[in-house]
Amino acid sequence: MPALLPDLVSDILLRLPVKSLLRFRCLSTSFCSEIDSADFVNAHLNRSIQSRTGQKLLVCNSYFMDSTDFYAADFEDDLKAAFLLNNPLKSQHGGNLVCGSCNGLTLLGMIINLKPLIMGLLIWNPFTRRYKELPVCPVQTFPGYGGFMCFGLGYDSAHDDYKVVMISKADDSNQVWVLGLKSDFWRRSRDLEDEVTTSVGRFASGALYWICKSKCVGFDLKKEVFFDIPLLSDCGPATFFFNSFDALVVFGGNLFFPKLHDKTIEFYLLVSDASDKGGEVVEVSWRKEFTIENVENISHDVFPLLPLAYSKDGGSILLLDLSGVFWYNLENKTNQRVIIAGLPDVPWSYNVCWESLVSVGKDSAFDGAAEEGRIDDLEE
């Protein structure tokens, strides 16, 4: 039998799920080199995003101080069932806080000391089952009740690097620290003038976004500078953790601002000219993209009600309320509750992510015991 052409082999591999690709690394040196290459990892991720395959719903069952379990459900299986993931910190005391996600990587926060309170951070790819604990940031304690820390994870395409950003309020200053997975050390950036009021930075179009007391700010991951975005009219500052309708959401790769009007929710899309003057993004604005009407007829929990993902055909949106998730049809305004088998009774948080081969960096570890017959527990 003649050998398959290299281009054909590569095209076949790009269509496979991560678990299969990890197994195929052991077939030959050439397969391993191909699958591990940065070009293949990026091409596999881009194909998944463009074709909307490999999309997962990541569910966390508890919040921070409790033992934390993570589950994943497959959009291609219509979210029928969830499977338990191996939490790399499961055996440690306390729980984990999801501090950000990007391209299959998840940023987890953990308490590593109570007095003084010190936060540790970990990067985890639940689908390659690799994780890495990050160095402790030089400024990461809560300085009394007035302290505040928030985080974000995003991708700098110009330098092909994933970056973690931490904003720490201490002594009337808002210090900004940045860690790139390639360098693996923290660098202090220019302080933020305004006070951040949302906890997790939302990544979209090369920047991380937060809401401050008087405006929305974006942090350009390439240039590592902030730029300002006006808040929508009649929308005050977001309340830490819970005021979802003054918060930011990302779905479909875009940044949205949900605004509640009586029984209707309007979703505004951030639009940018991508103009560049003096290192700052200019001419950004909000444009109303779609509306969800008669909220009280589709959910008993009007507040919060947040979008998570588009359906594969783009005609429906997966929405989250306090009871779980449901599909909302944008054309006929109907909804259908999603029952996911295998989830705990009261999940805490839902995040949409892409199954990917993206590396967590050097010196990573495996998140648990290898499954029977599993051959992907290999060093990177």
Side-chain angles (χ1 to χ4, degrees), residues 1-58 69-77 80-91 101-108 122-134 153 155 157 160-162 180-182 184 342 352-380:
M1 179 181 295
L4 292 174
L5 296 174
D7 289 346
L8 180 58
V9 172
S10 181
D11 186 63
I12 293 173
L13 292 176
L14 287 174
R15 300 170 185 269
L16 297 178
V18 166
K19 187 172 183 178
S20 298
L21 290 170
L22 294 175
R23 293 178 181 273
F24 287 171
R25 292 173 75 243
C26 293
L27 290 178
S28 68
T29 303
S30 61
F31 267 58
C32 184
S33 298
E34 170 78 7
I35 294 170
D36 287 352
S37 69
D39 288 343
F40 182 86
V41 170
N42 290 331
H44 183 266
L45 173 64
N46 291 333
R47 187 189 182 282
S48 296
I49 295 174
Q50 291 169 6
S51 61
R52 294 184 183 176
T53 56
Q55 194 173 31
K56 298 290 193 294
L57 185 65
L58 188 65
D69 287 320
F70 290 94
Y71 301 80
D74 197 334
F75 278 83
E76 293 185 76
D77 192 35
K80 291 179 181 178
F83 55 92
L84 182 66
L85 298 169
N86 279 27
N87 181 357
L89 300 176
K90 179 67 175 178
S91 61
S101 63
C102 178
N103 294 345
L105 298 183
T106 297
L107 179 65
L108 299 180
L122 175 147
I123 291 285
W124 178 40
N125 185 327
F127 307 107
T128 63
R129 298 182 61 183
R130 311 295 304 193
Y131 74 96
K132 178 180 180 178
E133 293 190 28
L134 301 180
L153 171 65
Y155 178 59
S157 59
D160 190 27
D161 195 10
Y162 288 84
L181 293 189
K182 286 186 175 181
D184 201 31
V352 174
C353 64
W354 296 99
E355 182 182 284
S356 81
L357 291 161
V358 173
S359 172
V360 299
K362 297 179 179 179
D363 303 320
S364 67
F366 192 61
D367 69 9
E371 301 170 359
E372 183 179 355
R374 189 182 179 101
I375 57 178
D376 57 83
D377 184 12
L378 303 173
E379 293 296 327
E380 295 185 357

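Below 30°, between 30° and 60°, or above 60°: for Y155 and Y162 the angle between ring planes is between 30° and 60°, a tilted geometry.
The distance from atom CZ of F127 to atom OG of S356, rounded to the nearest 0.5 Å, is 8.0 Å. In this structure, CG in L357 is found 9.0 Å from CG in L45, a value given to the nearest 0.5 Å. L21 CG to R15 CZ: the interatomic distance, rounded to the nearest 0.5 Å, is 13.0 Å. Note that the CD1 atom of I123 and the CD atom of E133 stand 11.5 Å from one another [nearest 0.5 Å]. Here W354 contributes atom CH2 and K56 contributes atom NZ; the two are 10.0 Å apart, rounded to the nearest 0.5 Å. To the nearest 0.5 Å, atom CZ of residue R129 and atom CG of residue N86 are 4.0 Å apart.
You'll find the ring centres of F70 and W124 inside the 6.0 Å limit.
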Decide yes or no on side chain to side chain contact (heavy atoms under 4.5 Å, CB included) for L181 and L105, but give the supporting numbers first.
-> CA-CA 12 Å; L181 293 189; L105 298 183; 4.2 Å; yes
Could you check S48 against E355 for side-chain hydrogen bond (donor to acceptor under 3.5 Å, both in side chains), going step by step and ending with a plain yes or no?
-> CA-CA 8 Å; S48 296; E355 182 182 284; over 6 Å; no
Might you work through the side chain to side chain contact (heavy atoms under 4.5 Å, CB included) test for L107 and L134, ending with a clear yes or no?
-> CA-CA 10 Å; L107 179 65; L134 301 180; 4.2 Å; yes
Evaluate side chain to side chain contact (heavy atoms under 4.5 Å, CB included) for H44 paired with L13, printing each intermediate quantity in order.
-> CA-CA 8 Å; H44 183 266; L13 292 176; over 6 Å; no
Could you walk me through whether D36 and R25 pass salt bridge (Lys or Arg N to Asp or Glu O under 4.0 Å), step by step?
-> CA-CA 8 Å; D36 287 352; R25 292 173 75 243; 2.8 Å; yes
Check the pair D184 / K132 against side chain to side chain contact (heavy atoms under 4.5 Å, CB included), numbers first and verdict last.
-> CA-CA 10 Å; D184 201 31; K132 178 180 180 178; 3.4 Å; yes
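Sparse packing is recorded around NZ of K80, with 12 or fewer heavy atoms of other residues, nucleotides or ligands lying under 6.0 Å away.
The closest donor-acceptor contact from the side chain of E76 to the backbone of G54 lies under 3.5 Å. In this structure, N125 contributes its side chain and V358 its backbone to a donor-acceptor pair below 3.5 Å. Within the 3.5 Å criterion, the main-chain N or O of D160 finds no donor-acceptor partner in the side chain of S157. S20 contributes no side-chain N or O that, together with a main-chain N or O of L16, makes up a donor-acceptor pair within less than 3.5 Å. For the pair S33 (side chain) and S30 (backbone), a donor-acceptor distance under 3.5 Å is absent.
At a threshold of 4.5 Å between non-hydrogen side-chain atoms, the residues V352 and L58 do not count as touching. Here the side chains of D69 and Y71 are in contact, with some heavy-atom distance below 4.5 Å.
For the pair D161 and G180, the tightest heavy-atom approach, listed with the atom from each and the gap, is OD2-CA, 3.5 Å.
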